[in-house]
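Have a look at the structure below before the remarks.
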Amino acid sequence: MSHILKGELIRPLQIKASPLERQFYDIPTLELAKSLLGCLLIKETEEGVASGFIVETEAYLGPEDRAAHTYNNQRTKRTDVMFRESGLVYTYVMHTHCLVNIVSGGPEKPEAVLIRAIEPFTGIDLMKKRRGMADIKKLTNGPGKLTKALGISMEDYGHCIAEPPLFISKGFQPEEISQGKRIGIDNSGEAKDYPWRFWITENPFVSRKNNR
DNA sequence: TACGTGATGCCC
DNA sequence: GGCATCACGTAG
């Protein structure tokens, strides 16, 4: 298994895709958002397995963050899982798209990391089929795109990310990480300027080009 | 750049 | 019911 980018092999030929243990997620949310960059996100379905390296994340910091669904400790049927242990999957629907988050902060703090983009690795043909397009650069460069490509849906709500069929494994170590404002939260007062979006510098599969 | 889409939750 | 939201695809 190889992975080609810009005509060169830049990823390991083989990756042991074994789930990171749940304790991996017991760190502060901003650190988790950075630590997840370069990790491999994998979904196994009856259709097949598809995976990609996480290249862009955003942190949402619970009751103090006006952009977070749990602002002011709002607990609804939708946000309930964010009040539980770190490492669970928080999926929600935005318009016609499903977005995937990893719960963080522990039961005391309802926080999460949104996965905004991945770099396709395995199961690329399956991802193309699910997305109905062939351009690899646009397969998974957005939070709604990557869930469709991997087959992630509301059925994954509350699943533990340390267990198949949806899990995260060690990937590669990013050379450099960039940081900037989050996307699509213009109506969130001061919170819109918090620099809680992280991405792998110069990676071609992030959802947007650098904005700081 | 602008619009239609149509899950979810909150505010009437 | 009406409106806003952590998008995306298509048309112009």
Side-chain angles (χ1 to χ4, degrees), chain A residues 25 29-30 32-34 36-37 41 50 52 54-84 86 88-105 109-120 127-159 161 166 178-200 204-212:
Chain A
Y25 305 92
T29 300
L30 289 173
L32 180 63
K34 285 180 275 191
L36 284 172
L37 295 175
L41 178 64
I54 298 170
V55 297
E56 181 181 350
T57 58
E58 280 178 359
Y60 288 85
L61 298 196
E64 318 299 321
D65 180 3
R66 250 183 87 175
H69 290 158
T70 48
Y71 176 62
N72 213 12
N73 269 317
Q74 271 188 72
R75 187 168 186 163
T76 65
K77 189 177 179 184
R78 180 174 67 158
T79 63
D80 189 69
V81 73
M82 286 184 67
F83 292 82
R84 296 173 57 196
S86 303
L88 297 182
V89 173
Y90 170 41
T91 46
Y92 71 91
V93 175
M94 174 63 174
H95 293 276
T96 56
H97 305 282
C98 181
L99 277 61
V100 64
N101 301 250
I102 310 299
V103 173
S104 179
K109 289 184 288 180
E111 305 179 340
V113 176
L114 171 66
I115 299 176
R116 282 196 57 90
I118 65 173
E119 173 180 324
M127 292 196 273
K128 287 178 178 175
K129 179 185 159 197
R130 284 171 172 156
R131 294 272 291 114
M133 64 146 65
D135 186 349
I136 192 169
K137 290 281 202 52
K138 298 178 182 172
L139 268 190
T140 56
N141 64 337
K145 297 179 186 179
L146 73 92
T147 55
K148 188 171 182 185
L150 291 181
I152 295 172
S153 71
M154 287 307 293
E155 291 185 14
D156 295 300
Y157 183 94
H159 171 75
I161 196 66
L166 174 60
S178 295
Q179 182 172 4
K181 295 178 184 178
R182 294 174 292 181
I183 290 173
I185 53 167
D186 293 339
N187 209 352
S188 301
E190 287 187 6
K192 73 179 172 60
D193 293 325
Y194 298 164
W196 292 346
R197 173 180 174 235
F198 304 93
W199 67 94
I200 296 179
F205 298 93
V206 299
S207 65
R208 288 189 198 181
K209 287 306 165 191
N210 301 2
N211 65 329
R212 281 206 63 141

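In what follows, chains carry the letters A, B, and so on, assigned in the order in which the sequence lines appear, proteins first and then strands, with residues in each chain numbered from 1.
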With sequence neighbours excluded, tell me which residues meet ring pair (Phe, Tyr, Trp, His ring centres under 6.0 Å) with A:Tyr92. A:His69, A:Tyr90
Could you write out DNA chain C as dot-bracket? Rules: Watson-Crick or G-U wobble, both distances under 3.5 Å, brackets [ ] for crossings, | for pairs with another strand, dot for unpaired. |||||.|||||.
Check whether any side-chain heavy atom of [X] sits under 4.5 Å from a side-chain heavy atom of [Y], and report yes or no.
X	Y	value
A:Tyr60	A:Glu111	no
A:Thr57	A:Leu37	yes
A:Ser207	A:Ile183	yes
A:Leu36	A:Tyr25	yes

Nearest nucleotide by nearest heavy atom, which residue falls closer to the 5' end of DNA chain C, A:Asp186 or A:Arg131? A:Asp186
Between side-chain atoms of residues 185-193 of chain A and protein atoms elsewhere (two or more places apart, or another chain), which donor-acceptor pairs fall under 3.5 Å?
residue  : atom : partner  : partner atom : Å
A:Ser188 : OG   : A:Ile185 : O            : 3.2
A:Asp193 : OD1  : A:Lys181 : NZ           : 3.2

Anything under 3.5 Å between a donor and an acceptor, one on a side chain of residues 142-158 of chain A, the other on a protein residue two or more places apart or in another chain? List them.
residue  : atom : partner  : partner atom : Å
A:Lys145 : NZ   : A:Asn141 : OD1          : 2.9
A:Thr147 : OG1  : A:Cys98  : O            : 2.6
A:Thr147 : OG1  : A:Gly144 : O            : 3.0
A:Ser153 : OG   : A:Glu155 : N            : 3.2
A:Asp156 : OD1  : A:Lys43  : NZ           : 3.3
A:Asp156 : OD2  : A:Lys43  : NZ           : 3.1
A:Asp156 : OD2  : A:Ser153 : N            : 3.0
A:Tyr157 : OH   : A:Lys77  : O            : 3.3
A:Tyr157 : OH   : A:Arg78  : O            : 2.8
A:Tyr157 : OH   : A:Val81  : N            : 3.1

More than 12 heavy atoms of other groups within 6.0 Å of A:Lys128 NZ: yes
Name the one of A:Val55, A:Ile118, A:Leu41, A:Ile115 that satisfies side-chain contact (heavy atoms from CB on, under 4.5 Å) with A:Thr140? A:Ile118
Quick check for you: name the first and last nucleotides of DNA chain C, 5' to 3', having an atom under 4.0 Å from a heavy atom of chain A. C:dA4 to C:dG9
Centre of A:Tyr194's six-membered ring, under 6.0 Å away, within 45 degrees of the axis: is that where NZ or CZ of A:Arg66 sits? no
Interface polar pairs with nucleotides 2-9 of chain B, N/O, under 3.5 angstrom:
residue : atom : partner : partner atom : Å
B:dG9   : OP1  : A:Arg78 : N            : 2.7

